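Just so you know, these numbers come straight off a predicted model, no measurement behind them.
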Amino acid sequence: MSVSRAPGAASDQQPRGRRRTWAELLAGRAGKMKLDPEREQKFRDSAVRLLRRQLNLSHLLLEVEGPPHKKLSLSQLIDGDGPEAHTGLSSSLIGSALRDQASQLGLPVAVLSSQVVASSVVQICEAGTEPSHGVLLDLEQRKKLSSLLEITQYLLAHNMFSRLSFCQELWKVQNSLLLEAVWHLHKQNIASLPELLESHADVQAVVAWLFRNLHGLCEQSEQMDVSCPQADIARAVLSDFVQMLVLRGFQTNSGLRGEAEPERVPQVAAAVLQRMLAAALEALAAGMQEESSAHRAARHWFSVLSGHTCGGISTDSSKSFFRHTLTQILTHKPVLKVSDAIQMQREWSFARTHSLLTSLYRRLFVVLSPEELVGHVQEVLETHEVNWQHVLSCVSALVICFPEARRLVTDWAARWLARAFENFDLDSMVTVFLLVRQAALEGPSLFPSYADWFQASFGSARGPHGCSKKALVFLFKFLSDLVPFEAPRYLQVHILHPPLVPSKYRSLLTDYVSLARTRLADLKVSVENMGLYEDLSSPGDVAEPHSQASQDVEKALAVFEHTGRIPAAVMEASIFRRPYYVSHFLPALLTPRTLPRVPDARAAFVEALKRADKIPPSLYAAYCQACSAAEEKPAGLGMKADSSCTEGPLGPLTAALQELRAAMTDPTQYDAISARVAVVSQRLSSALGLSEDDAGSEVAKAQLSVLVPEPEQREQKVVDLLLTSFCQNLMAASSFAPPDRQGSWATRFVTATCGHRLLPAMLARLRQLLRHQGPSLSASHVLGLAALAVHLGEAGPALPDVHAGPPAPARRLSIPDFFSSLLTCGTKASTLFCLRFCTAAISYSLCKFSSQSRDTLYSCLSPGLIKKFQFIVLRVFSEARDPLSWGDTASPPWRSLYLPPADWQQAALCLWRHRTFQELLKEKGFHLTYRDWLQLELEIQPDMDSLSDMERREFHQWAIHEHFLPEPSAAGGCDGDLETACTVLVDALLDFCRSSQSHEHSEDCGSALGGCAGNRDILSRLQEMVVDLEQGPAAPLGPPPSGGHFLFRIFRRRLQALASSWDVASRLQRQRELLMYRRILLSLPPSVLVGSSRAEQPAAPNCDEFFHLVNSELRNLCLHGGALTHTIIAHFFRGLLNACLRCRDPSQAADLALTWCQTECPLVLTSALLWWPRLERELCCRWRGVPGPPPRELQRLREAQQFAWSFLSPDAASPAPPAPSPAWVSAAALYFAIQRAGGANRTGLEKLDCHGQELLAVLFFFSLMGLVSSHLNPHAVDFLQAVGVCAEVLGCLQKRNAPWLQLFQLTETDAGLGRVLLRLAPDQHVRMLPLAFYSLLPYFDRDAPVREDTFLHVAVDMYLKLLALFVAGETSAASTLAARSQELQGQDDPVGLVTKARLFLLQSIPRCPRRSFSNMAELLAAHGDCDPELRAALLSRWQAAPDAGLSQEPHLL
């Protein structure tokens, strides 16, 4: 072997003892030998003979030599690195080697090959970096497995591979086998999953292995990013396996399996699917954390079942699988007893059921019809022990999802109820009651209330209980057995609406009523104290009588105000339920109050009851006396303690508070103040009935909400007593010392009193005083409440946040922010009170915490309160607008406030000039910014303002132009940029109209900009500023500046921030925003809509930004027959004509702009046609001073309008004159003329045959939009008229064999007329075209499916889109409106339309010619899973007779 050492090999020394490779041995000779094809072939033959004599198969698999200088090994074959990896030489070497080794071992070569490949598969699976429980390959493993499978394909092709042996080898190492590797074997047809499953003798072991891997795959898939490649592979693996398992496990037609297919695979498939579902149900039942592995796997498995994974399976298999799934759900772990179901079923309504389970129910409901579902549930109930939670939640889902479920469940209950009384079967009886109660939980709009059902079933002699005494005994025995488990509501129903019983069997009823009343008494629920309007169908907790009485009073007042009569429920209660009526209803109605001068509804109702003798004279006299006392009591002294407080339960607390005040006025007792405060705290706990444990702990654990019912009378008295005492104590302490020398009594007092559960009641009382009685409060009350607010803010970190409700922000507020939200500046009175309160609070804080850190001061005062003080001072006092002179620095104004009479204006100015306050304003967050000023100014109501109109305008001019405009942006100004000032103003205006505060000033947000006077004033400032901008430096010709006009930039930015989805809430929010935009545009000069002229010649106005807004947003607000409103169109044309009149050639400029409009924004032109009778006069008037004729494009609009008028005129000549061009403009004019004519005059439509196909097609498109509008808004658009116009135009199109189906296939990529039409219709209307298509089903030509090549494709596409709309809930509005409209008796609801469309397709498919099935595969691949039966019918017809050559429909659009 020394000869083989080449000279260059000296540097490649190898350690001794190691065997050199074949390449090393031949390296030297390869360099010396000349390339000779004949010698090379001989060398290869010699190598093969040598290998056959000295073959070691394991070494061969590690290294196989190829041509000289090229190393070829099995690792390369698997990795696929070199070009020789796929050569026939390598395959022949491996095949030859395997044959030789097999002959030596005495084994069949197929068996040996299977063993080798199985070993290689396992090595690949074990070589990954994934954790041991992983089921997916990494990238390197996937690459190697692909190469190995190519080699295996070669072996299979040459009959050198045994699938059975290979499967058996894999099962020996099943724990190392990854599921994705098995999937690749299945997909490459190396060893299918059924073959692999069948090859294992132990069915349970196979089930366990496959379940474990599928469960792991679900867990891994849920953790993956949806967009990563691994997720796509995981979905494909899971989808293929689930489809195979469902197909093999639930194949109803056994003949399809083949005679040779064994029965083991169906067992395995069904068992695996059953275990997966059981594991998922157990994870839900266990209530595991959402991040747990079991819950993740369950979530993903439910998503698999709820999606379209099973869409590729035949309808029969799919139905069989989902029926089995439903059975398993209903019978999963039936551990709950009937008594448990009776008590707990309120927790199993649709809203409370886990979303994963409800989504699976909905998937079941897509495959199975309501009748099948109800029948299957009945069968399960009759033959299995059931899980009542799942059964009842399924019933709730059924009632929610199917309109016909009401009838089906009612009939089901009636049948089972009759059977229960026929056989005296308690099981049937309890099932009926559970089902009816569960369905009633979903509301009376979906199912009759339980009270109605019970009364209808047993309240008459025709009920099943009235046939015999035995039936009556059976009923009352059953009801009596339910009593220990019944909710109070149902017992009340049985008592108030008892079964009809013959007089001789009355004892049965009285015994049951006695038992039920005893049970209610044990539950502390009284039948006599039930509310008049209490919902007896709800199994929820019974409300307290006083709480229910308040609700009854409100409902009774509403009925009385509507009818003018005493409600029947009140009259019945005054006779038959007198205890509740006298003890609860009348006291709630006769609450003492200040009676209005003009009697309101409550006063009139009280007088009506008095005239009917329904109010006892003594109670009425006491009510009148209390109301008189309330009138005499000053409104501002609402906190004054009642003299009766010195006696009774509040006596000790009152005495303790008096002792505290006495100690504060005696300097010798200052040391005893802390002890006195402790006594007050103890007496307060006693007065509230609290123990020591819960006296101070409740507040720290729960957030507060002052949106609660009014506190009890005792709590109200305690709160008033404490507030009065605090104000008196503060005044007494201030008469001896300023706040900074009063000690910590106030802090201790607040801590002791507000640490109790009394804090919500106190905050509610403060809210009432400050918001509703603020202007009438005395100076001492204002000072006391301001100081209390400061100390509550000081204790803020220890107190929970507060949710104050409207008009405060809809979020939880800190205590200081809560007090700031209570102060408003809308009127003169509220502004003055806000100034007083802010002056008192800020002055007290500056005095109290003068020696402490600034952080303490900042924590006590809200930035909003300080900003409101700045706003009012600058607004009310003109001298405060001058630059501040530090020589005017004054002392804190607290002393001048508590000494009568208080001079609030002087105190406010003194505080404004205070050095500490001015330094406070320099802190970030406390300085009044331009945006803050706008938000506060928008709240002002000019008719109740302290400033006159002229003063208010002067103040606005000063604030904007002199104060905020030159101010730097860091200080809240505009850096001198007028456009920035306009931008901030528009943003603030829109935010104000969007916020809840706008509801105080205007009835609806759409008219907020015009309905609110405060908005009008600020809007006037915006108009002035926009005019100033336009009169600035002239903009050069050419494109607009970067970003365009500032107003459109604002619109784009705000619209981008809104959610752009099709749900109702998002659409309404977007529409509300766009209505405000439109109102702003209309309030500004029309020149805003039209930009500067273009740079190119001839020049024309630039309307691109307005066109973009119309096309992208305003188009979806079209409510007038698919057109913009008259106001915005007239505004645009004013701006356009004004801009054209400034051009050198106005007529040419107008023509260029309108020609550009035809292609870029055709909706403007069609809208102009709709409003042309009103628009034409104004346009002519504006153009009157221009020499020459009007612009040609305006004349086109006039000609189109005249054409439409003459077309419909009965006196017009026949044939009709030709339509002006373009045809779509004439079609729009004609459609709007038809709409204006209504159903009274459509006599001209028979002349449509005389016009071109393009006019007919566009007219048909407009009529389709009208038909969609009739579905969405049937009260505004007559359905019968809309469908009549569509039918006539469609008839003309079909008669002339004109193409019309493409109108239902328009896309954004269409050019020409198709693009124009898409820009003429709102997006929602285009999405609802399937609804219009199948509304015209009766008017289709019967031969259209046979004659039109594309008809079937369009019809199937429309049906699948209609299904998608139905599933997404986008047809719900049409369904609701159609159901409520009495005029639409001929209009189908969406469910009926879907049913008719499906039937039409199933009947038409066999009739369609073979050429109609072009592109059907692509359509079914995208959406075919929605209807498996339709898919199967199409595929069956398509595959039976494919047709390659199809004639195309001519492209009109």
Side-chain angles (χ1 to χ4, degrees), residues 281 284 302-303 305-307 322-323 325-327 329-330 332 341 344-378 380-381 386-413 431-453 535 537-540 1062-1065 1362-1380 1389-1395 1426:
L281 292 174
L284 292 187
F302 274 116
S303 68
L305 297 183
S306 301
F322 281 114
R323 275 195 293 265
T325 300
L326 180 59
T327 302
I329 293 173
L330 300 182
H332 177 73
M344 300 169 62
Q345 70 176 126
R346 60 177 294 193
E347 304 296 331
W348 302 335
S349 64
F350 185 84
R352 298 187 180 188
T353 302
H354 201 287
S355 59
L356 296 179
L357 192 56
T358 57
S359 65
L360 181 56
Y361 284 147
R362 291 197 297 270
R363 177 58 179 164
L364 294 173
F365 296 167
V366 171
V367 177
L368 303 176
S369 66
E371 292 78 8
E372 290 176 319
L373 285 166
V374 171
H376 190 72
V377 175
Q378 291 185 50
V380 171
L381 287 173
V386 296
N387 182 321
W388 281 110
Q389 179 180 359
H390 290 171
V391 170
L392 297 181
S393 63
C394 180
V395 171
S396 286
L398 186 67
V399 171
I400 289 288
C401 296
F402 287 113
E404 58 266 44
R406 176 174 185 152
R407 172 184 56 81
L408 293 174
V409 176
T410 302
D411 295 344
W412 177 14
T431 301
V432 170
F433 273 70
L434 285 174
L435 294 177
V436 169
R437 291 179 180 182
Q438 191 68 29
L441 286 178
E442 304 307 329
S445 62
L446 299 174
F447 196 83
S449 67
Y450 176 72
D452 293 341
W453 175 83
D535 184 8
S537 301
S538 171
W1062 286 100
D1063 60 276
V1064 176
L1362 181 63
L1363 275 183
L1365 290 173
F1366 178 74
V1367 173
E1370 294 190 41
T1371 59
S1372 58
S1375 175
T1376 303
L1377 292 171
R1380 293 179 180 176
D1389 64 290
V1391 178
L1393 205 60
V1394 169
T1395 304
C1426 298

Any side-chain heavy-atom pair of L408 and F402 under 4.5 Å: no
Any S393 side-chain heavy atom under 4.5 Å of R352 side chain: no
Rounded distance [0.5 Å steps], CZ in R363 versus CZ in F302: 14.5 Å
Side-chain donor/acceptor of E372 to backbone N/O of S369, under 3.5 Å: yes
Interatomic distance, R406 atom CZ to D411 atom CG [nearest 0.5 angstrom]: 12.0 Å
Evaluation steps, side-chain contact (heavy atoms from CB on, under 4.5 Å), between L326 and C394: CA-CA 9 Å; L326 180 59; C394 180; 4.0 Å; yes
Close side-chain approach of L281 and L357, heavy atoms under 4.5 Å: yes
Residues T410, W453; criterion side-chain contact (heavy atoms from CB on, under 4.5 Å); working and verdict: CA-CA 9 Å; T410 302; W453 175 83; 5.6 Å; no
Side-chain heavy atoms of W388 within contact of T431, under 4.5 Å: yes
V436 versus A413, closest heavy-atom pair with distance: CG2-CB, 3.8 Å
Donor-acceptor contact present, side-chain Q438 to main-chain V391, <3.5 Å: no
Side chains of S396 and Y361, donor plus acceptor under 3.5 Å: no
Spatial distance of atom CG (L398) from atom CZ (R362) [nearest 0.5 Å]: 13.5 Å
Beyond-backbone contact of L441 with F350, side-chain heavy atoms, under 4.5 angstrom: no
Min side-chain heavy-atom separation L392-L435 under 4.5 Å: yes
Parallel, tilted or perpendicular: rings of H332 and H390 (30°, 60°): parallel
Closest contact, heavy atoms only, F365 versus L373: CD2-CD1, 3.0 Å
